[in-house]
Amino acid sequence: MMMQQESGRDTAYDHLITLWTSGVRNYHTMLSDYLTANSIFVAVIGLIISRESLALPFMALIILLCIFGLLLCFQMAIVLGRFSGQNALWEWQLRGIEQTQDWNQPKLITGLYHLHETQQPIEDRNNEPQVFTPNWAFRQHRQWWGHRAVSFPWFFGCVYGAFLIWTVTQLRS
């Protein structure tokens with residue numbers, strides 16, 4: 001009976017590791033795609049604005065692109081937030097498995113958690129050096145870069161908002 005529980009736990013752990021690594025990869029791919037799309041929208045709007053005189057159809061196009069850009073930012077925040085939450089859930093479940101009394105394999109996810117969240121060093125007497133200490137990048141990850149699911153949509157949303165306000169004020173003058 002004990003062997004079946006361990007086998008089931010190991011299978012669950014393997015599945016969760018696969019889901020977690022796929023989720024992390026998908027998160028970064030999606031982030032890259034959204035950044036590319038937003039950069040293209042902003043570049044097109046900037047090119048249109050750089051024309052000497054803006055006719056009404058060009059201003060309408062800018063307004064349309066800004067509205068689509070704002071919708072893209074909203075979608076970006078939802079999708080990246082979902083991926084981030086989903087990955088955090090899988091990581092939490094993996095750490096739970098690693099914390100069981102009879103877990104005798106390396107605690108990879110627990111070590112990663114200690115590096116990222118608590119900035120605690122990881123010790124491994126069979127490795128050289130025996131202590132892996134989190135560097136500056138580990139400390140900064142959660143403070144700034146870790147919040148990119150929120151910061152990038154806000155940044156691009158503000159850019160689209162500024163373009164939209166500028167275009168509407170140009171229409172009135």
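One-based numbering along the sequence shown.
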> Taking the side chain as C-beta and beyond, is there a heavy-atom pair between F74 and P153 under 4.5 Å?
Replying inline: no
>> Is there a path of hydrophobic side-chain contacts, each under 4.5 Å between heavy atoms, that joins V24 and Y27?
In response: no
>> Give me the atom names and distance for the closest heavy-atom approach of C73 to G157.
In response: SG-N, 3.4 Å
> How long is the gap from CH2 on W166 to CE on M59, to the nearest 0.5 Å?
Replying inline: 5.5 Å
> How would you list, by chain and number, every residue that makes a side chain to side chain contact (heavy atoms under 4.5 Å, CB included) with L71, sequence neighbours excluded?
Replying inline: I67, F68
> Does T21 use its side chain to pair, donor to acceptor, with the backbone of T18 at less than 3.5 Å?
Replying inline: yes
> Any side-chain heavy-atom pair from V131 and I122 closer than 4.5 angstrom?
Replying inline: no
> Do any N or O atoms from the side chain of E98 and from the backbone of T110 form a donor-acceptor pair under 3.5 angstrom?
Replying inline: yes
>> I need the minimum non-hydrogen distance between L70 and L164, along with the two atoms involved.
In response: CD1-CD2, 4.3 Å
>> Could you go through Y13 and W103, starting from their C-alpha distance and side-chain angles, then the distance that decides it, and tell me whether this counts as ring-ring contact (aromatic ring centres under 6.0 Å, His included)?
In response: CA-CA 11 Å; Y13 188 84; W103 184 258; 4.5 Å; yes
> Looking only at heavy atoms, what is the nearest atom pair of F163 and V42, with distance?
Replying inline: CE1-CG1, 4.1 Å
>> Donor-acceptor check, side chain of D124 to backbone of N126, threshold 3.5 angstrom: yes or no?
In response: yes
> Same cluster or not: are V44 and Y160 linked, directly or through other Ile, Leu, Val, Met, Phe, Trp or Tyr residues, by side-chain heavy atoms under 4.5 angstrom apart?
Replying inline: yes
> Hey, is the main chain of L47 close enough, under 3.5 Å, to the side chain of S50 for a donor-acceptor pair?
Replying inline: yes
> Do you see a donor-acceptor pair shorter than 3.5 Å between the side chains of R95 and Q99?
Replying inline: no
> Under 3.5 Å, side chain of T169 to main-chain N/O of I165, donor-acceptor pair present?
Replying inline: yes
>> With rounding to the nearest 0.5 angstrom, report the CD1 to CD distance, I49 to Q170.
In response: 8.5 Å
> Heavy atoms, side chains only, cut-off 4.5 Å: are R9 and D102 in contact?
Replying inline: yes
> Linking I/L/V/M/F/W/Y whenever their side-chain heavy atoms sit closer than 4.5 Å, directly or via other members, would F41 and M30 fall into one cluster?
Replying inline: yes
> When rounded to the nearest 0.5 angstrom, what is the spacing between CD in E91 and OH in Y113?
Replying inline: 8.5 Å
> To the nearest 0.5 Å, what is the distance between CG (L80) and CG (N87)?
Replying inline: 10.5 Å
> Are I17 and I109 close enough that some pair of their side-chain heavy atoms sits under 4.5 Å apart?
Replying inline: yes
>> To the closest 0.5 Å, what do you measure between CG (L89) and CG (L94)?
In response: 9.5 Å
>> Please determine whether residues L171 and L65 belong to a single hydrophobic cluster, defined as Ile, Leu, Val, Met, Phe, Trp and Tyr linked transitively by side-chain heavy-atom distances below 4.5 Å.
In response: yes
>> Go through it in stages, so that I can follow the logic: the residues are F152 and N38, the test is side chain to side chain contact (heavy atoms under 4.5 Å, CB included), and I'd like the CA-CA distance, side-chain angles, deciding distance and then a yes or no.
In response: CA-CA 10 Å; F152 283 135; N38 277 304; over 6 Å; no
>> Rounded to the nearest 0.5 Å, what separates atom CG in L19 from atom CD in Q93?
In response: 9.0 Å
> Are L35 and F156 close enough, and set up right, to give a side chain to side chain contact (heavy atoms under 4.5 Å, CB included), and what steps lead you there?
Replying inline: CA-CA 9 Å; L35 290 176; F156 282 106; 3.6 Å; yes
>> Does I45 form a side chain to side chain contact (heavy atoms under 4.5 Å, CB included) with V159? I'd like the steps, not just the answer.
In response: CA-CA 10 Å; I45 293 169; V159 170; over 6 Å; no
> Only one of I62, L64, I63 forms a side chain to side chain contact (heavy atoms under 4.5 Å, CB included) with C66, so which one is it?
Replying inline: I62
> With hydrophobic residues grouped by side-chain heavy-atom distances under 4.5 Å, do I78 and F155 end up in a single group?
Replying inline: no
